[in-house]
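One structure is given below, encoded as structure tokens.
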Amino acid sequence: MRMRVAAPLALAAATALTGPLFVTAPASAAPHRTGLHLGKIQYDSPGKDNRSNTSLNAEWVDIHNNGKSKLQLKGYKLKDNTGYTYTFGSYTIGAGKTVKVHTGRGRNASGHVYWNRGSYVWNNTGDKARLIKPNGKLQDSCSWTGSSKGTKNCH
């Protein structure tokens, strides 16, 4: 009889010392974009599309750098489906910073650059923004349909 009592006690002691036999893995988080990527896009400027510079500049694309180093954007291109292309001149984006590419005219400053166009680029009914590296390879893309209410969060 002692053997029957000792065996369960030995098993209980061994389990207590080694801990549970099954360990659950942590739930995986949603993928997080690293480096340079498209952020929020305002493809339908608020109000009436009257081609005023104010309205054109209310159409924009955020490009975000969530890397750990600043990046030189010279030669990067932002393109739409029809081929309209904005090419960055010399512009450095800091780590954790965003630059907004406005469609209309303006003077480039920290966090804002201007395409200097007199007409809209992004189609309200659906389009695709592409960020192209200077070597021609795709860095990131983001598409939408008209059901997105004028903005698209590409994060």
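Values below: all heavy atoms of this structure, side chains included; hydrogens, waters and symmetry mates excluded.
- Every residue two or more places apart in sequence or in another chain was checked for a ring-ring contact (aromatic ring centres under 6.0 Å, His included) with Y120, and none qualifies.
- With sequence neighbours excluded, the residues that form a side-chain hydrogen bond (donor to acceptor under 3.5 Å, both in side chains) with N50 are S52.
- Residues I132 and Y86 do not share a hydrophobic cluster, defined by chaining ILVMFWY side chains whose heavy atoms lie under 4.5 Å apart.
- Atom CG of N153 and atom NZ of K40 lie 7.0 Å apart (nearest 0.5 Å).
- In this structure, K133 NZ and Q139 CD are separated by 5.0 Å, a value rounded to the nearest 0.5 Å.
- Looking only at distances, a side-chain donor or acceptor of Y43 sits under 3.5 Å from a matching main-chain atom of T145.
- E59 CD to S119 OG: the interatomic distance, rounded to the nearest 0.5 Å, is 9.0 Å.
- A distance of 8.5 Å separates CD1 in I41 from CG in D62, rounded to the nearest 0.5 Å.
- S55 and K48 make their closest contact through OG-O, 3.7 Å (heavy atoms, listed as atom of the first residue, atom of the second, distance).
- Two residues are said to be in side-chain contact when any heavy atoms from C-beta on lie closer than 4.5 Å; T103 and N57 fail this criterion.
- The side chain to side chain contact (heavy atoms under 4.5 Å, CB included) test applied to D127 returns D80, N81, W122, N123, W144, not counting sequence neighbours.
- Heavy-atom minimum distance, P46 versus A58: CD-CB, 3.8 Å.
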Q: Walk me through it: do N124 and D49 pass the test side chain to side chain contact (heavy atoms under 4.5 Å, CB included)?
A: CA-CA 11 Å; N124 298 349; D49 288 349; 3.4 Å; yes
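- Looking at L36 and D140, their side chains never come closer than 4.5 Å, going by heavy atoms from C-beta outward.
- Sorted by first and then second residue, the side chain to side chain donor-acceptor pair (under 3.5 Å) pairs involving residues 104-114 (not counting sequence neighbours) are H102-H112.
- Residues V101 and F88 have side chains in contact (heavy-atom distance under 4.5 Å, counting atoms from C-beta outward).
- Residue C154 comes nearest to L38 through the heavy atom pair CB-O, 3.6 Å, listed as atom of the first residue, atom of the second, then distance.
- Around OH of Y91, the count of heavy atoms belonging to other residues, nucleotides or ligands within 6.0 Å exceeds 12.
- In this structure, N65 contributes its side chain and G94 its backbone to a donor-acceptor pair below 3.5 Å.
- Partners of K68 according to the side chain to side chain contact (heavy atoms under 4.5 Å, CB included) rule, which considers only residues two or more places apart in sequence or in another chain, do not exist here.
- In the model, T87 has a side-chain atom that pairs as donor or acceptor with a side-chain atom of K77 under 3.5 Å.
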Q: Please lay out, stage by stage, how S45 and L56 fare under the test side chain to side chain contact (heavy atoms under 4.5 Å, CB included).
A: CA-CA 7 Å; S45 62; L56 289 167; over 6 Å; no
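- Looking at heavy atoms from C-beta onward, V121 lies out of side-chain contact with L78 at the 4.5 angstrom threshold.
- For the ring-ring contact (aromatic ring centres under 6.0 Å, His included) condition, the pairs that include at least one residue of residues 61-83, sequence neighbours left out, are H37-H64.
- Of all the heavy atoms in Q42 and G150, the pair that sits closest is NE2-O, 3.2 Å.
- Within a 6.0 Å radius of NZ in K97, no more than 12 heavy atoms belonging to other residues, nucleotides or ligands are found.
- V99 and W60 fall into different hydrophobic clusters, defined by Ile, Leu, Val, Met, Phe, Trp and Tyr side-chain heavy atoms under 4.5 Å apart, directly or through other members.
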